[in-house]
Amino acid sequence: MATVLVAGGAGFIGSHLCEKLLVEGYKVFALDNLITGDKGNLEKLNGNSSFEFIEKDITKDLADLKEKFSEVKFIFHMASPASPNKKSLKSYINFPIETLLVNSVGTYNLLNITHNLNAKFLFASSSEVYGDPNVTPQSEDYFGNVNPNGVRSVYDEAKRFGEAITMAFVRKHDVDGRIIRIFNTYGPNMQKDDGRVVSNFINQALEGKPITVYGDGSQTRSLCFVSDLVEGIIKAMFVQKTSGEVMNLGNPNEKTILEVAQIIKKMIDSNSEITFEELPQDDPKKRNPDIRKAKSLLSWTPQVNLEEGLKKTIEYFRSV
Ligand code: UDP
């Protein structure tokens, strides 16, 4: 079976992707510098002879891995801090330069490897490229409404650059590359302390602490369970004729953040009160993916409903 490289393999989504690729029979190299990723996410895979974890920063010189990677046919770029919560040490707000570099220099380095190996490439972009969108739902042809120098710009603009350089390699060097835009995703292996809405609310509810809704909770998000997302990522890479395509991947089931707080509180049967705190700067008011393109190109559609996915996520957080 073919060899794949997953940059960001110890992260929340990257670790699930590695696991699924191994089940499908691929030989998997996972790279991660572990600034926000966690080796614990890969514990299950230790001892699997088709899997190798390499602690490495993809913004640095990767020449020493040339020999090892000579058989790589597919490169997934999932490496980046991803939480916007400034209260979390793991957020991109606290790793601003690293976030800019991993999506720019890191993407450039991986694209060069892809080009030299005549491999295939997937760049994990984000719904953040739409910023605080003026249209909803967001389809791939919407250019977005992004503050180019606000606190979130280190992520938003980095992802936009990552998209631009991916397309530059597709156009200039005929690299077989595609871009996915990941909308809010949740599930086991999320970091307990990364400050994301689902991990925060579940852990607050489990510990009987106040559930902290930012703003009045009327902002919306559309939450996708990680197994659905991974299915979409794999199809985006392996389905034919996806080179040069940009595809939204997410679950269009849109909820207000206050609704999410109420659902989680009820599911856990928690005594926590719901409290309201200041809304972070540039927090998008609406987020809802138009997934018609992924549906038609990939025959992909999310299968796991919110209650089912939250149940699995709650079980996970009870166990860690
Ligand atoms: N949020 C919240 N309370 C929290 C964490 C997040 O109300 O404890 C809100 C946040 O302001 C945003 C939404 O939940 O409106 C999703 O936040 P998250 O950090 O998960 O991801 P984002 O979609 O903003 O990238």
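On a predicted model such as this, the values are computed, not experimentally measured, just so you know. Whatever order the structure lists ligands and atoms in, that order sets their numbers, starting from 1.
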Check side chain to side chain donor-acceptor pair (under 3.5 Å) between Asn109 and all other residues, then give those that pass, not counting sequence neighbours. none
Is it the case that one hydrophobic cluster holds both Ile58 and Leu100, taking links as side-chain heavy atoms less than 4.5 Å apart, direct or via other members? no
Would you call the rings of Tyr130 and Phe183 parallel, tilted or perpendicular if under 30° counts as parallel and over 60° as perpendicular? tilted
Run the side-chain donor-acceptor check on residues 260-269: report pairs under 3.5 Å with partners two or more places apart or on a different chain.
from, atom 1, to, atom 2, distance (Å)
Lys265, NZ, Ser270, O, 3.4
Lys265, NZ, Ser272, O, 2.7

Name all residues meeting the salt bridge (charged side-chain N to carboxylate O under 4.0 Å, His left out) criterion together with Arg292; count only those two or more places apart in sequence or in a different chain, and write none if there are none.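 Scan of Arg292 (salt bridge (charged side-chain N to carboxylate O under 4.0 Å, His left out), adjacent residues dropped) gives Asp290.
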Give a yes or no on whether the backbone of Val6 and the side-chain of His77 come within a donor-acceptor separation of less than 3.5 Å.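 No, His77 side chain to Val6 backbone: no donor-acceptor pair under 3.5 Å.
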What short N/O contacts, under 3.5 Å, does ligand 1 make with the protein, listed by atom pair and distance?
from, atom 1, to, atom 2, distance (Å)
ligand 1, 3 (N), Thr212, O, 2.6
ligand 1, 7 (O), Tyr214, N, 2.7
ligand 1, 8 (O), Asn200, ND2, 2.8
ligand 1, 8 (O), Thr212, O, 3.2
ligand 1, 8 (O), Thr212, OG1, 3.0
ligand 1, 8 (O), Tyr214, OH, 3.4
ligand 1, 11 (O), Asp283, OD2, 2.6
ligand 1, 15 (O), Gln219, NE2, 3.0
ligand 1, 15 (O), Arg221, NH2, 3.3
ligand 1, 15 (O), Asp283, OD1, 2.6
ligand 1, 15 (O), Asp283, OD2, 3.3
ligand 1, 20 (O), Arg196, NE, 3.3
ligand 1, 20 (O), Val197, N, 2.8
ligand 1, 21 (O), Arg196, NH2, 3.2
ligand 1, 23 (O), Asn184, ND2, 2.7
ligand 1, 23 (O), Arg221, NE, 2.6
ligand 1, 23 (O), Arg287, NH1, 2.6
ligand 1, 24 (O), Arg152, NH2, 3.0
ligand 1, 24 (O), Arg221, NH2, 3.2
ligand 1, 25 (O), Arg152, NH2, 3.2
ligand 1, 25 (O), Arg196, NH2, 3.4

